[in-house]
Amino acid sequence: MVDKATLDGLRIARTEVETRRRTPWLVILPVALVLIAAGAWALTRGSAKEVRVAPARVVAGQARGAVLNASGYVTARRRATVSSKVTGKVTEIFIEEGMQVRAGQVLARLDAEYAARGLALAQAEAQAAQSALEETRVRIREAQLDFDRAQKLASSEIASRADADRA
């Protein structure tokens with residue numbers, strides 16, 4: 001066990017002068033900050049700020065750049081339900097809210113790009129189906145010729161009846 005005298009010898013000796021020297025700064029610094037803040041508040045409190053008032057103006061044409069992307073149906077509040085048979089992007093609108101319309105009147109125009117792509121795809125598929133049909137017809141004619149030949153050979157007893165059955 002370590003005795004008390006040895007432990008006391010390890011202690012750092014501080015004088016009272018060092019402790020007193022720090023104490024005034026711990027008090028003076030916060031007091032100075034409070035006085036500076038109070039002075040700044042007193043200087044700015046009494047002076048009036050100039051306020052300029054500008055009149056508001058309506059600027060036309062600002063909404064032209066706005067874009068609305070939405071999907072759904074256009075519905076009237078009272079009389080009709082309007083919808084498109086195909087999906088697409090609206091490029092032009094020919095009516096406004098509250099206008100009366102006649103049956104068959106064009107209300108809006110859709111971008112034809114989606115429909116054109118669908119048409120091109122359908123035409124390509126129709127062409128592929130037509131080619132496949134022609135190929136099948138050629139194979140049927142070839143099979144009919146093979147069958148007729150095998151029947152003729154089987155009736156002449158040149159080929160066996162099994163060959164005719166396979167044909």
Could you grab the distance from atom [atom1] of [X] to atom [atom2] of [Y], nearest 0.5 Å is fine?
{"X": "R109", "Y": "I93", "atom1": "CZ", "atom2": "CD1", "result": "12.5 Å"}
{"X": "L145", "Y": "I140", "atom1": "CG", "atom2": "CD1", "result": "12.0 Å"}
{"X": "R102", "Y": "L107", "atom1": "CZ", "atom2": "CG", "result": "10.0 Å"}
{"X": "Q100", "Y": "I95", "atom1": "CD", "atom2": "CD1", "result": "11.5 Å"}
{"X": "D146", "Y": "D148", "atom1": "CG", "atom2": "CG", "result": "9.0 Å"}

| query | If you draw a 6.0 Å radius around CZ in F94, do more than 12 non-hydrogen atoms from other residues or ligands fall strictly inside? | reply |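 Count over threshold, so yes.
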| message | Please determine whether side-chain contact (heavy atoms from CB on, under 4.5 Å) holds for the pair L110 and T91, giving the CA-CA distance in whole Å, both sets of side-chain angles, and the decisive distance to 0.1 Å. | response | CA-CA 5 Å; L110 296 176; T91 57; 6.0 Å; no
| Quick one: do E134 and R137 make a salt bridge, cutoff under 4.0 Å? |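 Yes.
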| request: Would you mind reporting whether E135 and S131 have side-chain heavy atoms less than 4.5 Å apart? | output: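 The answer is no, as the side chains (C-beta and beyond) never meet within the 4.5 Å cut-off.
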| Would a distance-only check, ignoring hydrogens and angles, find a side-chain to backbone donor-acceptor pair under 3.5 Å from S155 to K152? |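 A pair under 3.5 Å: yes.
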